[in-house]
Asks: 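Pasting a structure here, questions to come.
None of the values given here were measured: they were computed from a predicted structure. Every heavy atom of this structure was used, including side-chain atoms; hydrogens, water molecules and symmetry mates were not. All residue numbers refer to positions in the sequence shown, counting from 1.
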Amino acid sequence: QVQLVESGGGLVQAGGSLRLSCKVSGRTISTYTMGWFRQAPGKDREFVSAISRSGGSTNYADSVKGRFTISRDNAKNQVYLQMNSLEAEDTAVYYCAAAMTIRSTSRPADYAYWGQGTQVTVSS
């Protein structure tokens, strides 16, 4: 059974930084495209970023380009999301997810496994 556990969320002031981590157990993540999504109160879950199996390809939502960086360490079975220059609009629950696709994908339906989420709150 594949399990994903996010950590690293918290309260930060606007302009600050956080680094989210996602620890995967049950299977090596080298077989998965990994993604981050977020959901703010009253809004749909939205794509944030994804990284291909090898880490050679990444993509980002326009709203986070230049501020967020996704990375992975297949040896540690972990994925990370470095978030800089945080804005109040980044406040949401952030979810890590795994997809059995070769290329990185922004479609939630492509992701078979999801974590429980970690809260990120940015105060203005």
Asks: Under a 4.5 Å cut-off applied to non-hydrogen side-chain atoms, are Ser17 and Gln82 in contact?
Replies: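 Touching, per the 4.5 Å side-chain cut-off.
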Asks: Taking Glu6 for its side chain and Cys96 for its backbone only, find out whether a donor-acceptor pair lies under 3.5 Å.
Replies: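 Yes, Glu6 side chain to Cys96 backbone: donor-acceptor pair under 3.5 Å.
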Asks: State, yes or no, whether a side-chain contact exists between Tyr80 and Ile70 at a heavy-atom distance under 4.5 Å.
Replies: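 No - every pair of side-chain heavy atoms lies 4.5 Å or more apart.
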Asks: Measuring only between side-chain heavy atoms, which start at C-beta, is Leu86 closer than 4.5 Å to Gln13?
Replies: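 No; the side chains remain at least 4.5 Å from each other.
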Asks: Val48 and Tyr60: side-chain contact (heavy atoms from CB on, under 4.5 Å), yes or no, with the steps?
Replies: CA-CA 6 Å; Val48 175; Tyr60 297 91; 5.9 Å; no
Asks: Taking only residues two or more places apart in sequence, or in another chain, which ones meet Ser104 in a side-chain hydrogen bond (donor to acceptor under 3.5 Å, both in side chains)?
Replies: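 Asn59.
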Asks: I'd like to know if Met100 and Val79 are part of one continuous hydrophobic network [Ile/Leu/Val/Met/Phe/Trp/Tyr, side-chain heavy atoms within less than 4.5 Å].
Replies: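 Yes.
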Asks: Kindly give the heavy-atom pair with the smallest separation between Thr28 and Thr31, and that separation in Å.
Replies: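 Closest approach of Thr28 to Thr31: O-OG1, 3.1 Å.
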Asks: Treat each ILVMFWY residue as a node, draw an edge where side-chain heavy atoms are under 4.5 Å apart, and state whether Phe47 and Leu20 are in one component.
Replies: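 No, no single cluster joins them.
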Asks: In Å and rounded to the nearest 0.5 Å, what is the OG to CG distance from Ser63 to Asp90?
Replies: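 If I round to the nearest 0.5 Å, the distance is 7.0 Å.
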Asks: Answer whether the closest heavy-atom distance between the side chains of Tyr32 and Arg27 falls below 4.5 Å.
Replies: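 Yes, close enough: below the 4.5 Å cut-off.
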Asks: Counting C-beta onward and ignoring hydrogens, is there a side-chain heavy-atom pair between Phe68 and Ser49 closer than 4.5 Å?
Replies: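 No, too far: nothing below the 4.5 Å cut-off.
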Asks: Using modelled atom types and a 3.5 Å cut-off, is there a donor and acceptor pairing between side-chain atoms of Thr33 and backbone atoms of Arg103?
Replies: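 Yes; at least one donor-acceptor contact below 3.5 Å.
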Asks: Can you tell me how far NZ of Lys76 sits from NZ of Lys23, rounded to the nearest 0.5 angstrom?
Replies: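 If I round to the nearest 0.5 Å, the distance is 9.0 Å.
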Asks: Test side-chain contact (heavy atoms from CB on, under 4.5 Å) on Leu11 and Gln119; report intermediate values, then the result.
Replies: CA-CA 8 Å; Leu11 174 64; Gln119 176 71 46; over 6 Å; no
Asks: State the CZ-CD1 distance between Arg53 and Ile102, to the nearest 0.5 angstrom.
Replies: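 That separation rounds to 5.5 Å.
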Asks: For the residue pair Ile51 and Trp36, establish whether any side-chain heavy-atom pair is separated by less than 4.5 Å.
Replies: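 Sidechains of Trp36 and Ile51: no contact.
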Asks: May I ask you to test the Thr118-Val93 pair for a side-chain heavy-atom distance under 4.5 Å?
Replies: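 Result no, sub-4.5 Å side-chain heavy-atom pair not found.
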Asks: Going hydrophobic residue to hydrophobic residue with side-chain gaps under 4.5 angstrom, can you get from Val64 over to Tyr95?
Replies: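 No, it is not one cluster - the side chains of Val64 and Tyr95 are not joined through contacts under 4.5 Å.
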Asks: Can a donor-acceptor pair be found, under 3.5 Å and without considering hydrogens, that links the side chain of Arg72 to the backbone of Ser52?
Replies: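 Answer holds: yes.
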Asks: Taking the side chain from Arg38 and the backbone from Ala92, do they hold a donor-acceptor pair closer than 3.5 Å?
Replies: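 Not a single qualifying donor-acceptor pair exists.
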Asks: Examine distances only and state if a side-chain atom of Asn77 and a backbone atom of Ile29 form a donor-acceptor pair shorter than 3.5 Å.
Replies: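 Looks like yes, one N/O pair under 3.5 Å.
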Asks: According to a hydrophobic-cluster definition based on side-chain heavy atoms being under 4.5 Å apart (Ile, Leu, Val, Met, Phe, Trp, Tyr only), do Val24 and Trp114 belong together?
Replies: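 Different hydrophobic clusters.
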Asks: Given the rule in the side-chain hydrogen bond (donor to acceptor under 3.5 Å, both in side chains) test, do Ser30 and Asn74 qualify, once you have shown the distances and angles that lead to the verdict?
Replies: CA-CA 6 Å; Ser30 62; Asn74 286 349; 5.1 Å; no
Asks: Measuring from Ser124:OG to Glu89:CD, what's the distance to the nearest 0.5 Å?
Replies: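 CD of Glu89 is found 8.5 Å from OG of Ser124.
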Asks: Group every Ile, Leu, Val, Met, Phe, Trp and Tyr by side-chain heavy-atom contacts under 4.5 Å, then state whether Phe37 and Val2 land in the same group.
Replies: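 No; Val2 is not reachable from Phe37 via cluster members.
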Asks: Kindly give the heavy-atom pair with the smallest separation between Ala99 and Thr105, and that separation in Å.
Replies: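 Here Ala99 and Thr105 meet closest at CB-CG2, 4.3 Å.
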Asks: For Asp73 and Gln78, indicate whether the former's side chain and the latter's backbone hold a donor-acceptor pair under 3.5 Å.
Replies: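 Looks like no, no N/O pair under 3.5 Å.
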Asks: Answer yes or no: is there a side-chain heavy-atom contact under 4.5 Å between Met83 and Val12?
Replies: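 Not touching, per the 4.5 Å side-chain cut-off.
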Asks: Whether the side chain of Thr58 engages the backbone of Gly55 through a donor-acceptor N/O pair (distance < 3.5 Å, no angle test) should be reported.
Replies: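 Absent.
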Asks: Once you round to the nearest 0.5 Å, how far does CG of Asn84 lie from OG1 of Thr69?
Replies: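 That separation rounds to 6.5 Å.
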